[in-house]
Each structure stands twice: as C-alpha cells, then as structure tokens.
Amino acid sequence: MPGNVTLLNSKPVENIVHRTDSRPFSLYRTVVEKGEPCALYLHCHSEAELFYLEQGAVDFQVEGRSFSLEAGEGIFIPPAQIHSAVNRTDPAAVCCHRAVVFDLKLLEQSLPPRCQNYFAPLQLRRPDCIFPITADQPDNARLLMLLPAIFSLQEPELERYELSLMGSLLLCWQELYNLCFSGLNADSSGSALQDEIRKSLDFLQHNFANPVTLAELSKQAGFSESYFCHNFKSCTGYTPFAYLNRLRIVKSCELLAQTDKKITEIASLCGFNNVSYFNRTFYKMTGASPSAYRRNSGSHSRAPGATD
C-alpha cells in the first residue's frame with residue numbers, strides 16, 4: 001500500500017483504490033521480513049479496516065493511542081484515522097497480518113434506512129470507534145472467531161466469495177455495534193441534535209485552512225457557543241478546536257506525501273501560523289515528525305495478496 005495519497009473530502013487518502021473488480025473492498029496479506037521494525041507504515045485511507053494479526057506481535061498505533069496485539073487478535077480502525085504498527089515479533093520469527101479494507105457503503109447500502117443508527121458514531125467521526133479485538137476480553141470471543149473466517153473466504157473468482165464476505169462483515173459489524181457503537185449512541189445526544197452538529201463538521205471540512213472562530217461554528221449549528229461546545233464534544237468525542245487541529249494534520253499528511261512543498265509552507269496551507277506548533281501537534285497525533293513522515297511515506301508498500 002503506497003504512502004502516496006490524494007485528497008478526498010479534505011482528508012488524505014491513499015492512491016490505491018481498495019476494491020476488487022470495482023467492488024468497494026480489498027483483502028490484504030502482508031508478511032513482514034524477519035527483524036523489520038515496521039509492521040505497517042504510517043498512513044490513513046477513507047475506508048474502514050479490520051486488521052488481523054496472523055503471526056507475531058505488534059504495537060498498533062492510532063493517532064496517539066497504542067494497542068498491543070498478539071497472534072490471533074485484531075483491531076477495527078474507522079475511516080480517515082492515521083495508523084501504523086511496530087513489529088514486536090522475535091527477530092528470528094515471521095510477522096504476518098491480514099486486513100480487509102472496505103467502504104462503509106458496502107454495508108450501509110445493503111441495509112434498510114432504519115438501520116442507519118448502526119453507523120451513526122462513525123458518521124460523527126468519533127475517535128472512540130477504534131476497537132481492539134483482544135483475547136483478554138471475554139466478550140470479544142465471537143469477533144476473534146469471525147476474523148480468521150473472513151480471510152479464509154478469498155478465492156480466485158470474486159463471485160464465489162463476495163456475498164459470504166459481505167455476510168461475514170455484517171456479522172462482525174453486529175458484534176462491533178453490540179460491544180462498542182451502541183454504547184456510543186447511548187452516550188451521544190439525539191439524532192436531531194447530531195444532524196445540527198454535522199452542519200458544523202461539514203463547515204470545518206471546507207474551511208479547515210482558514211481562521212475559524214467558535215462563533216462561526218456555533219452559528220452553523222444554530223446554537224449558543226456554550227451549548228454548542230458541550231454538545232459538539234458529546235457527539236464527536238473532540239472539542240471543536242481539537243477536531244479542527246486533527247483535520248489540519250490529516251490534510252498536512254497528504255501534502256507531505258504528494259508534494260515537495262516546504263514544511264513551513266504546508267503548515268501555513270493547513271491553517272498553522274506557527275511551524276513549531278505544527279511540528280508539536282503533528283508529532284503528538286502521529287508519533288512522527290513531518291519530515292520523518294515524508295521520508296517514509298513512499299518507501300513502504302502493502303500489496304493485495306491471495307490467501308495461502
């Protein structure tokens with residue numbers, strides 16, 4: 001999976017289209033060379049991902065959070081989350097991981113409109129939709145059984161496994177909803193309020209590079225500033241300006257990978273007037289400096305692979 005990315009809805013996404021024969025998904029198998037410290041390079045994409053560690057051990061990192069995974073465990077990564085993995089496998093052993101990367105519309109469009117609540121937290125881009133699927137949590141047992149089953153489905157002819165894959169993904173989604181998303185829905189405000197907050201999210205998507213005031217954001221939702229701040233965090237998990245900073249960092253990743261622009265210029269184009277603050281914010285979110293991200297963005301790959 002190359003590090004080069006293109007811009008989609010003000011977010012950096014990889015140049016690879018994660019789909020097979022025009023279907024909105026792709027299956028991957030990656031074997032990491034013995035002793036290689038990088039199991040999965042720092043990147044993001046507009047699709048969701050279910051990652052499964054087949055062999056070895058990794059520290060999976062998603063925007064400042066770290067999750068230790070052992071063989072047979074996995075993690076769900078929502079769309080547009082910057083993520084990577086460090087190889088903790090014994091240098092004499094092989095690390096191998098699999099992933100299914102899929103557009104959420106693959107599932108959304110297969111369900112009736114009344115089922116949209118199953119996807120609401122992801123539409124609000126909540127960071128707590130990240131879900132580690134580890135063996136130390138007994139409730140994860142069904143997901144741990146479903147994940148390897150997904151990767152046993154792939155056959156040379158798409159039509160021989162596509163519907164089974166969709167069915168398996170829906171089973172996984174039900175478990176993710178039961179274990180994670182349903183609680184987020186309960187913690188969030190009602191759907192009408194969420195719709196108003198989405199107006200401010202759309203505004204930020206189109207204006208992240210410009211100076212933005214709290215008054216402008218609250219006006220988009222039609223709320224007072226104090227009411228807006230409280231409900232924005234309730235719905236998204238971020239304060240308004242933490243959310244804005246994240247959008248700006250995600251955009252900067254695209255520019256670092258796609259252009260030769262100087263880092264100071266990229267900081268300015270992404271709404272940061274102070275390059276030192278940009279560097280600190282970038283490192284805090286990604287665990288890498290902007291220059292390191294640029295160096296590594298084109299030097300790794302993750303190719304679609306057939307199951308063995």
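As the structure is a computational prediction, the values presented were derived from the model and not from experiment. We use all heavy atoms of the structure for the numbers below, so side chains are in, but hydrogens, waters and symmetry mates are not.
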### Message
Classify the ring geometry of His43 against Tyr41: parallel below 30°, tilted from 30° to 60°, perpendicular beyond 60°.
### Response
parallel
### Message
Test of understanding: with side-chain hydrogen bond (donor to acceptor under 3.5 Å, both in side chains), list the residues that count as partners of Asn178, not counting sequence neighbours.
### Response
Gln174
### Sequence neighbours excluded - salt bridge (Lys or Arg N to Asp or Glu O under 4.0 Å) pairs with any residue from residues 71-96
Asp59-Arg88, Glu70-Arg88
### Message
Centre-to-centre under 6.0 Å for Tyr293 and Phe282, is that the case here?
### Response
yes
### Message
Run the salt bridge (Lys or Arg N to Asp or Glu O under 4.0 Å) test against Glu175 and tell me which residues pass, sequence neighbours left out.
### Response
Arg142
### Message
Going by the rule salt bridge (Lys or Arg N to Asp or Glu O under 4.0 Å), which residues pair with Lys261 if we only count those two or more places apart in sequence or in a different chain?
### Response
Glu265
### Task
Please name the residue in the list Phe60, Trp173, Phe67 that meets the ring pair (Phe, Tyr, Trp, His ring centres under 6.0 Å) test with Phe76.
Trp173
### Side-chain donor/acceptor of Asp103 to backbone N/O of Leu106, under 3.5 Å
no
### Query
Is the shortest heavy-atom distance from the side chain of Cys38 to the side chain of Asn87 under 4.5 Å?
no
For residues 131-141, tabulate all N or O donor-acceptor pairs below 3.5 Å that involve a side-chain atom, not counting sequence neighbours.
{"residue": "Thr134", "atom": "OG1", "partner": "Asp136", "partner atom": "OD1", "Å": "2.6"}
{"residue": "Asn140", "atom": "ND2", "partner": "Thr134", "partner atom": "O", "Å": "3.1"}

#### Entry: Nearest heavy atoms of Cys180 and Cys129, plus distance in Å
SG-CA, 4.3 Å
#### Entry: Under-4.0 Å salt bridge between Lys105 and Glu108
no
### Task
Go through the structure and list residues passing salt bridge (Lys or Arg N to Asp or Glu O under 4.0 Å) with Arg65, not counting sequence neighbours.
none
### Task
Could you pull out all residues at least two apart from Tyr283 that satisfy ring pair (Phe, Tyr, Trp, His ring centres under 6.0 Å)?
none
### Task
For Cys270, enumerate each residue passing the side-chain contact (heavy atoms from CB on, under 4.5 Å) test, keeping only those at least two apart in sequence or located in another chain.
Arg248, Lys251, Ser252, Leu255, Ile266, Phe272
#### Entry: Donor-acceptor pair, side chain of Ser234 and main chain of His230, under 3.5 angstrom
no
#### Entry: Plane angle bin for Phe181 and Tyr177 - parallel if under 30°, tilted between 30 and 60°, otherwise perpendicular
perpendicular
### Task
Linking directly or through intermediates, with side-chain heavy atoms under 4.5 Å: list the remaining ILVMFWY members grouped with Leu171, chain and number order.
Leu146
### Query
Mind checking what makes salt bridge (Lys or Arg N to Asp or Glu O under 4.0 Å) contact with Lys219, not counting sequence neighbours?
none
### Query
With a 4.5 Å heavy-atom cut-off, do Cys229 and Leu214 have their side chains touching?
yes
### Query
So, for Ser200 and Ile197, which heavy atoms are closest and what is the spacing to 0.1 Å?
OG-O, 2.6 Å
## Note on the structure
Sorted by chain and number, sequence neighbours left out, side-chain hydrogen bond (donor to acceptor under 3.5 Å, both in side chains) with Gln55 holds for none
## Note on the structure
Sequence neighbours excluded, the answer for side-chain contact (heavy atoms from CB on, under 4.5 Å) partners of Gln61 is Ser66, Ser84, Val86
### Query
Backbone N or O of Ala39 within a donor-acceptor pair of the His97 side chain at under 3.5 Å?
yes
### Message
Looking at Arg294 and Cys253, would you say the former's side chain and the latter's main chain have a donor-acceptor pair under 3.5 Å?
### Response
no
